[in-house]
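Below is one structure, written out as structure tokens; the observations come after it.
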Protein chains: 2
Amino acid sequence: MPRPGRKDELLEAAVTLFSQKGFHATTVRDLAEQVGMKSGSLYAHIATKEDLLEEIVMRSAEQFQAAVAPIVRSDAPAASKLRQAMAAHIRVVASDTGAATVFLHEWKALSPERHASVIAARQGYEELLAAIIRQGVESGEFRPVDESYARLLVLSVVNWVYQWYKPGGPLGPDQVADRFAELILHGMEP
Amino acid sequence: MPRPGRKDELLEAAVTLFSQKGFHATTVRDLAEQVGMKSGSLYAHIATKEDLLEEIVMRSAEQFQAAVAPIVRSDAPAASKLRQAMAAHIRVVASDTGAATVFLHEWKALSPERHASVIAARQGYEELLAAIIRQGVESGEFRPVDESYARLLVLSVVNWVYQWYKPGGPLGPDQVADRFAELILHGMEP
DNA sequence: CCTACCGATCGGTAGG
DNA sequence: CCTACCGATCGGTAGG
């Protein structure tokens with residue numbers, strides 16, 4: 001008889017273990033121990049280990065989308081949108097670095113049939129960033145930069161954050177985003 | 001009786017499989033099949049599966065270092081060094097995307113005792129990029145940007161290349177590097 | 001490099 | 001949610 005909230009504890013444990021050891025190196029016995037059960041009991045809550053991975057990945061994808069989409073839809077200058085979008089993205093990473101790690105690093109452990117929805121979610125997200133850059137170029141706010149490489153530059157830097165960001169460091173998510181946005185907008189040369 | 005060059009074939013097979021499926025999801029039987037042996041025979045060439053991973057990772061680390069270090073030591077303007085270093089890095093990725101993927105994505109599967117040397121190699125590499133930025137700031141060629149975030153920006157974009165770069169695409173490594181360097185040096189705003 | 005095999009461990013199930 | 005367990009597969013070894 002599952003007690004309420006137990007599924008969320010399990011997801012949380014999976015985020016921790018999958019992000020630290022990787023999906024394949026995490027056993028159902030690791031997961032069970034982390035939540036204080038026997039391994040067989042997990043299956044009162046889930047059907048397969050992979051279901052946990054899928055749920056973490058899809059939840060994370062939705063968080064990025066939900067954080068950035070409203071910014072893109074607002075009417076603000078492109079530079080402002082870019083700053084805000086980067087900050088929103090980094091805030092999502094910072095709020096749960098484990099989940100971000102699983103989303104960006106472990107999603108390929110999903111079976112090929114489950115890849116498609118993740119790829120679609122990522123493409124949708126990339127299009128949000130592309131829209132900001134397009135707006136900036138079309139309005140003349142940005143130089144006529146190559147849209148796809150500008151998008152890749154922004155995407156690279158925000159997606160790499162999970163590799164090094166530690167909550168509790170000297171700079172919070174918004175300050176990190178400002179540093180990067182400033183560099184990307186103004187460049188390194190005077 | 002191992003025949004010569006067989007170890008390299010094995011490393012190549014490991015690069016392919018580790019980069020595609022991940023280290024933990026690749027079995028010694030997968031590896032053996034890829035080189036046309038029985039799984040037990042692998043152990044005439046290696047002591048453990050992890051040795052293959054370590055060798056791939058360390059070789060890759062050396063390639064990045066060897067490609068970029070001479071550029072940093074040369075006497076050229078910082079902007080030129082930055083372009084060249086990015087191009088050299090991306091060339092290493094492009095020349096063997098599998099090895100780059102293993103180096104950047106799978107190295108954490110190494111046992112904790114083997115982490116240290118990888119981390120040291122990566123820090124040494126990051127210092128190379130930092131030196132370029134420092135030169136530019138000190139010479140006045142660059143604005144007084146925050147060194148560590150500028151380094152992270154460059155590192156993010158070149159390290160993310162393995163995620164999307166496909167050899168045979170429209171742009172070669174040098175052109176990709178030029179696009180990114182131009183954006184980083186001049187920024188997106190006019 | 002093969003045959004034959006080992007102990008350990010894996011994800012998951014049956015029955016309560 | 002536990003006990004008890006299963007078939008499959010794992011990395012690796014012995015002996016040739």
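Below, all heavy atoms of this structure are taken into account, side chains as well, without hydrogens, waters or symmetry copies.
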- How would DNA chain D look in dot-bracket form, 5' to 3', counting Watson-Crick and G-U wobble pairs with both distances under 3.5 Å and writing | for bases paired to another strand? ||||||||||||||||
- Is A:Arg59 positioned over the aromatic face of A:Phe103, cation under 6.0 angstrom from the ring centre and no more than 45 degrees off axis? no
- Query: Whole-Å distance between C:dT9 C1' and A:Glu33 CD?
  - Reply: 15 Å
- If you measure only the distance, is there a donor-acceptor pair under 3.5 Å linking the side chains of A:Thr16 and A:Gln20? no
- Query: Would you call B:Glu147 and B:Val137 a side-chain contact if the rule is heavy atoms closer than 4.5 Å?
  - Reply: no
- Whole angstrom value for the distance that separates P of D:dT9 from NZ of B:Lys21: 12 Å
- Task: Among D:dC2, C:dC2, D:dC1, find the nucleotide with the atom closest to the side chain of A:Arg6.
- Result: D:dC1
- Task: Grab the NE2-C1' distance between B:His24 and D:dG11 for me, whole Å please.
- Result: 13 Å
- Message: Quick test of your reading of the model: are A:Glu55 and A:Lys7 salt-bridged, counting only N-O distances below 4.0 Å?
- Response: yes
- Write down the distance between CG (A:Asp30) and P (C:dT9), rounded to a whole number of angstrom. 12 Å
- Item | Distance, rounded to the nearest Å, where B:Lys38 contributes NZ and C:dC5 contributes P | 15 Å
- Message: Contact between A:Tyr149 and B:Val176 at the side-chain level, heavy atoms closer than 4.5 Å - yes or no?
- Response: yes
Are any protein N/O atoms closer than 3.5 Å to N/O atoms in nucleotides 12-16 of chain D? If there are, list each pair with its distance.
from, atom 1, to, atom 2, distance (Å)
D:dG12, OP2, B:Tyr43, OH, 2.9
D:dG12, OP2, B:Lys49, N, 2.9

- Please determine if A:Arg134 and A:Glu127 form a salt bridge, counting it only when a charged side-chain N lies under 4.0 Å from a carboxylate O. yes
- Between B:Leu42 (CG) and C:dC1 (C1'), how many Å, whole number? 10 Å
- Message: Among A:Arg122, A:Met58, A:Glu54, exactly one meets side chain to side chain contact (heavy atoms under 4.5 Å, CB included) together with A:Trp107. Which residue is that?
- Response: A:Arg122
- Item | Pairwise side-chain contact, B:Asn159 with B:His89, heavy-atom cut-off 4.5 Å (strictly under) | yes
